[in-house]
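Step one of this worksheet: look at the structure below.
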Amino acid sequence: MKFGGTSVGSPERIRALAERVRERLARRPVVVVSALSKVTDSLVRGAQLALARDSDYENVVYEVLDRHHRAIQDLVPPGPAQERLLSHLDATIGELRALYTGVYHLAELTARTLDAISGIGERLSYEMVAAALDAAGIPAQGVDARGVIVTDETFGRAMPLVDETRVAAARMVQPLIDARTVPVLPGFIGSTRKGVATTLGRGGSDWSAAVVGAALDAEEIQIWTDVDGMMTVDPRLVPSARVIPEVSFDEAAELAYFGAKVLHPATIKPAVERGIPVRILNSLRPSAPGTLIAGRLGGDERGEPRAIAFKKDIAVILIAQPRMLMAYGFVARVFEVFDRHRTPVDLIATSEVSISLTVDHPEAVPAVEEELARLGEVEVLRAMAIVSVVGRGFCRHPGLAARVFQALREVNVVMISFGASDVNFSFVVAEADAERAVRLLHHEFFEERR
Ligand code: ASP
Ligand code: MG
């Protein structure tokens, strides 16, 4: 059970967390927590202040200390447990101050130092949550993830080493589970083989949960957040948006490209690879069923869409070369240009004499355009949007394209990409048409069904 920043953001929320854990004690949960909401941002800001030789980093130290001090007093009754927690807080804050002072005096902030600083939020939250569970009558024990999640040395975005982590989890975490004590681990942080603190990158606690869950062969991974799950469409755009009850890993990956912010599927890959289902749940509405993400889903595959997504600020590049007729090597030369400029291409469509493709980093276009002009005639369309219908079994079921284009009969479609994967039907429209296209498609596929 992983709880994100808002789910541990206040004493009330931590007490609610304890109830969610209590309800599931029979399933022998392991808890992974983020830092209290916004704490990681503050820690990073403090580091930047110190680097700029601005002594206001002291305010950050005080803010973080004060917030945790008050939460501890609220959550844990006076006595030895509270005293232990407060002295752990003092020691960790002392470490933070020393790190900031070092950055301040050296005017130097390496990725390694920043990891030591930004991981402090989780080092404070997990001990507090463990004590709060104990205070609520749930036997719990904090386990420092720096002794469990072993990573490489890519500071700022370290990669967990699966085998080492498995061994450490068996030694450090499994015995607690066996003794019916709830292990509580900090997300986000780990350490190298030599014991140097690392982080898995911003938002990395989901990844921690997946790594720990995979290492322990958990039956399920629950990501407790503050929304009901993945939605059929952005609810700010279409108020009748619904929660998607089940989604495959591939579909979730497509949705992530379009900014479905709930969770990045790459982070749960370690779990999905071991066949462990991942469930997104809302800690504010615990009875809502949430979204289940699984590598393979049961049920029928009728080629029904799962969600409508879109992304603005796309550029379409059209390259025409009449001599390409019956030639080979042209496509390779075109892609070499994108490769050299490290510019990812998203959708592609080709005809006998031309290639169209989309790029979602429009600032990269001028340089690419100049080089492409040597290969053929180039035209760039800006202010475009990709609209995507995400679902399953699209290529094996007739009628989907007809429904899509029927719904969009009054919208000008600039480019289409279909068949590259079975889970995505994408096309390009002008940005000005995008929201209307999304509403029409959502209406067609999600509002008229019975
Ligand atoms: N606290 C870290 C962050 O804000 C990790 C996480 O919340 O997942 O990036
Ligand atoms: Mg977070």
Side-chain angles (χ1 to χ4, degrees), residues 1-10 13-14 17 30-48 60-61 63-65 67-68 71 89 92-93 95-96 99 109 111-130 142-146 148-149 151 154-160 165 184-191 197-214 221-227 230 252 256 259-271 278-284 293:
M1 301 177 73
K2 179 264 174 176
F3 293 87
T6 50
S7 302
V8 293
S10 68
R13 299 300 295 273
I14 293 174
L17 172 163
V30 174
V31 172
V32 173
V33 293
S34 287
L36 273 53
S37 53
K38 303 282 184 299
V39 166
T40 314
D41 288 341
S42 301
L43 292 167
V44 171
R45 189 166 41 86
Q48 280 152 359
V60 173
V61 175
E63 251 171 58
V64 173
L65 172 64
R67 180 149 172 219
H68 288 84
L89 173 64
T92 313
I93 290 291
E95 206 179 307
L96 175 65
L99 285 163
L109 178 61
R112 174 172 162 156
T113 303
L114 186 59
D115 270 359
I117 291 169
S118 63
I120 285 199
E122 272 73 6
R123 285 173 52 198
L124 295 174
S125 67
Y126 86 102
E127 289 275 24
M128 200 165 84
V129 168
V143 181
D144 191 337
R146 289 174 299 171
V148 179
I149 297 186
T151 73
T154 319
F155 296 101
R157 191 158 184 83
M159 282 284 279
T165 299
V184 181
L185 285 80
F188 186 47
I189 61 174
S191 74
T198 53
T199 71
L200 308 188
R202 291 306 306 271
S205 295
D206 294 335
W207 199 4
S208 303
V211 168
V212 170
I221 291 173
Q222 300 185 340
I223 305 289
W224 288 86
T225 175
D226 53 2
V227 294
M230 291 194 165
K261 277 219 315 298
V262 187
L263 146 156
H264 199 288
T267 63
I268 58 160
K269 212 165 171 232
V278 177
R279 202 179 284 281
I280 300 169
L281 292 160
N282 188 350
S283 63
L284 290 168
I293 306 172

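Atoms within each ligand, like the ligands themselves, are counted from 1 in listed order. Computation of the quantities below employed the complete heavy-atom set of this structure, encompassing side-chain atoms and omitting hydrogens, waters and symmetry-equivalent molecules. Here the structure is a predicted model, which is why all the values come from computation and not from measurement.
The shortest distance between side-chain heavy atoms of Trp207 and Lys269 does not fall below 4.5 Å.
In terms of N/O distances under 3.5 Å, ligand 1 is approached by Ser34. Considering backbone and side-chain atoms alike, Asp206 places every N or O at 3.5 Å or more from each N or O of ligand 1. For a threshold of 3.5 Å applied to N or O pairs, the pair formed by Gly203 and ligand 1 contains at least one separation below that value.
Below 4.0 Å from some heavy atom of Arg202 lie the following atoms of ligand 1, by number and element: 3 (C), 4 (O), 9 (O).
Atom CG in Leu99 sits 5.0 Å away from atom CD1 in Ile117 (nearest 0.5 Å). We find the CG-CD distance between Leu109 and Gln48 to be 7.5 Å, quoted to the nearest 0.5 Å. Taking CD1 of Ile120 as the start and CG of Leu96 as the end, the distance is 4.5 Å to the nearest 0.5 Å.
Using a cutoff of 4.0 Å between basic side-chain nitrogens and carboxylate oxygens, Asp144 and Arg123 are not scored as salt-bridged.
Within the structure, the closest approach of Gly4 to ligand 1 does not fall below 4.0 Å when heavy atoms are considered.
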